[in-house]
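The first residue in the sequence is number 1, and the count goes up from there.
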Amino acid sequence: MKYQTNNPIMQLTDNLSDRLFDENRLYSLLEEYLESNGLSQSLALLPYMKEKHQGQVRQGKDKVPYYSHPLQVACHAIALGFIEDDLISAALLHDICEDCAIPPGELPASKETQLAVSVLTKQKLKKPEKHAGTEKWMLYHEQERLRNHSYYEGIRSNRIAAIVKLLDRCNNLSCMCTAWKPEKLAEYIIETEEFILPLLQSLQRDYPEYTSQCFLIQYHMQSVMESVRHLILPQDRILSPCSGI
């Protein structure tokens, strides 16, 4: 039963949802757009992507079907004017190899799409046991850092992969509060600042025709990160109204 309250926080949090967009509606809209604009490869890959991600869900209490994520990344690309069949295809397939154990060369897509997806596919590094010693965890984090440098360097060299990675991060940042604890949120923001923002700057430098798109992507990411940064700030570090800035 609904209750009335004058508390705005209670009003805002009464119907929390992990779902940004209805995935069925988004699927239909994207399908219609791809067909009407002659993006034949992406159109053929749309049901393929949905089938391969069948049964997978996004992190969070609502268990949103995973395929909603590549749908949103593809739609974001189109909204920003990245109307390329190989790019939209890579957006749809960017998690297929990692999450469904399908080699890039076996994807029913062009060589350019396969290459971009291959570059985007990151082999997971096995974490130490939860109660492993400090040295093992330090070694793991060092290996992960070096692996990230190599991974993002490869993405930087592939235009399609770089664009898809940036849009993928936009979507993940937008959804991360539905599933992660403050420590994980902080780690993800730090990783974004260390690797994703430099990737964005590199794309803008190498492709000045994307200046407007890069601004919108950076605005999206920075807005989310700064909002989350303030929300997870310890209460004793928040300035009082009278303390000035």
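A 4.5 Å side-chain heavy-atom check between Tyr151 and Val119 finds every atom pair outside the cut-off. When side chains are defined from C-beta on, Leu200 does not count as touching Ile196, because their heavy atoms never get closer than 4.5 Å. A 4.5 Å side-chain heavy-atom check between Val228 and Met176 finds at least one atom pair inside the cut-off. Put simply, the side chain of Tyr67 does not reach to within 4.5 Å of the side chain of Lys52, judged on heavy atoms. For the pair Asn158/Leu120, no side-chain contact is recorded, criterion being any heavy-atom separation below 4.5 Å from C-beta on. Residues Leu93 and Tyr48 form a side-chain contact, since some pair of their non-hydrogen atoms from C-beta on lies under 4.5 Å apart. Between Leu46 and Met49, the closest side-chain pair of non-hydrogen atoms falls below 4.5 Å.
Leu20 and Val57 are members of different hydrophobic clusters when ILVMFWY side chains are connected at heavy-atom separations under 4.5 Å. Linking ILVMFWY side-chain heavy atoms closer than 4.5 Å, directly or via other members, places Leu29 and Ile83 in two distinct hydrophobic clusters. Leu197 and Leu167 fall within a single hydrophobic cluster, where Ile, Leu, Val, Met, Phe, Trp and Tyr side chains are chained together by heavy-atom contacts under 4.5 Å. By the criterion of side-chain heavy atoms lying less than 4.5 angstrom apart, applied directly or through intervening Ile, Leu, Val, Met, Phe, Trp or Tyr residues, Met225 is not grouped with Ile190; the two fall into different hydrophobic clusters.
Using modelled atom types, no side-chain atom of Asp62 and backbone atom of Val64 make a donor-acceptor pair closer than 3.5 Å. Looking only at distances, no side-chain donor or acceptor of Ser202 sits under 3.5 Å from a matching main-chain atom of Pro198. Of the possible donor and acceptor atoms, one in the side chain of Ser174 sits under 3.5 Å from a partner among the backbone N and O of Cys170. For Thr113 (side chain) and Ala109 (main-chain N/O), no donor-acceptor pair under 3.5 Å exists by modelled atom type.
Taking every heavy atom of both residues into account, Arg19 and Phe21 meet most closely at CG-O, 3.1 Å. The shortest non-hydrogen separation linking Ser223 to Ser227 is O-OG, 2.9 Å. Taking every heavy atom of both residues into account, Val117 and Cys97 meet most closely at CG1-SG, 3.7 Å. Contact between Ala90 and Ala116 at its shortest, heavy atoms only, is CB-CB, 4.2 Å.
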>> Using the rule given for side chain to side chain contact (heavy atoms under 4.5 Å, CB included), can you reason through Thr211 versus Phe215, listing the C-alpha separation, both sets of side-chain angles and the distance that settles it, and then say yes or no?
In response: CA-CA 6 Å; Thr211 296; Phe215 170 78; 5.7 Å; no
> Going through the distances and angles, do Glu193 and Arg229 end up as a salt bridge (charged side-chain N to carboxylate O under 4.0 Å, His left out)?
Replying inline: CA-CA 12 Å; Glu193 292 177 335; Arg229 195 192 301 268; 2.4 Å; yes
>> Please determine whether side chain to side chain contact (heavy atoms under 4.5 Å, CB included) holds for the pair Asp18 and Gln59, giving the CA-CA distance in whole Å, both sets of side-chain angles, and the decisive distance to 0.1 Å.
In response: CA-CA 9 Å; Asp18 297 347; Gln59 294 182 42; over 6 Å; no
>> Please evaluate residues Tyr210 and Ile163 with respect to the criterion side chain to side chain contact (heavy atoms under 4.5 Å, CB included), reporting the C-alpha separation (whole Å), side-chain torsions for both, the decisive distance (0.1 Å), and the verdict.
In response: CA-CA 10 Å; Tyr210 294 155; Ile163 294 170; 3.8 Å; yes
>> Between Arg169 and Glu191, does the salt bridge (charged side-chain N to carboxylate O under 4.0 Å, His left out) criterion hold? Intermediate values first, please.
In response: CA-CA 11 Å; Arg169 184 55 60 108; Glu191 181 187 299; 2.7 Å; yes
>> Before you tell me yes or no, could you show the steps for Tyr33 and Leu39 under side chain to side chain contact (heavy atoms under 4.5 Å, CB included), namely the whole-Å CA-CA distance, both residues' side-chain angles and the distance that decides it to 0.1 Å?
In response: CA-CA 8 Å; Tyr33 180 89; Leu39 299 170; 4.1 Å; yes
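Distance check: Lys50 NZ to Gln54 CD gives 7.0 Å after rounding to the nearest 0.5 Å. From Met221, atom CE reaches atom CD1 of Ile189 across 12.0 Å, with rounding to the nearest 0.5 Å. The line from CD1 of Ile155 to CG of Leu203 is 12.0 Å long, rounded to the nearest 0.5 Å. Interatomic distance, CD of Glu209 versus SG of Cys214, reported as 9.5 Å (0.5 Å rounding). Going from atom CG of Leu115 over to atom CG of Leu107 covers 11.5 Å, rounded to the nearest 0.5 Å. Note that the CG atom of Leu87 and the OG atom of Ser42 stand 8.5 Å from one another [nearest 0.5 Å].
Here Glu153 pairs with Arg156 under the salt bridge (charged side-chain N to carboxylate O under 4.0 Å, His left out) rule; sequence neighbours left out. Take Glu84 and apply the salt bridge (charged side-chain N to carboxylate O under 4.0 Å, His left out) test, not counting sequence neighbours, and it matches Arg159.
Residue-environment remark: CD (Glu32) stays at or below the threshold of 12 foreign heavy atoms within 6.0 Å. Within 6.0 Å of CD in Glu194 there are more than 12 heavy atoms belonging to other residues, nucleotides or ligands. Within 6.0 Å of atom NZ in Lys61, more than 12 heavy atoms from other residues, nucleotides or ligands are found, so the atom counts as buried in its surroundings.
Classified by interplanar angle (parallel below 30°, tilted 30° to 60°, perpendicular above 60°), the ring pair Tyr66/His69 is perpendicular.
Residues Asp95 and His53 bring no donor and acceptor atom of their side chains to less than 3.5 Å of each other. No side-chain donor from either of His94 and Thr121 sits under 3.5 Å from a side-chain acceptor of the other.
One finds no salt bridge joining Glu23 and Arg58 here, because no Lys/Arg side-chain nitrogen approaches an Asp/Glu carboxylate oxygen to under 4.0 Å.
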Atom pairs and distances, side-chain donor-acceptor, residues 72-81, under 3.5 Å, sequence neighbours left out:
unit_1	atom_1	unit_2	atom_2	d
Gln72	OE1	Asn171	ND2	2.7
Gln72	NE2	Ser68	O	3.3

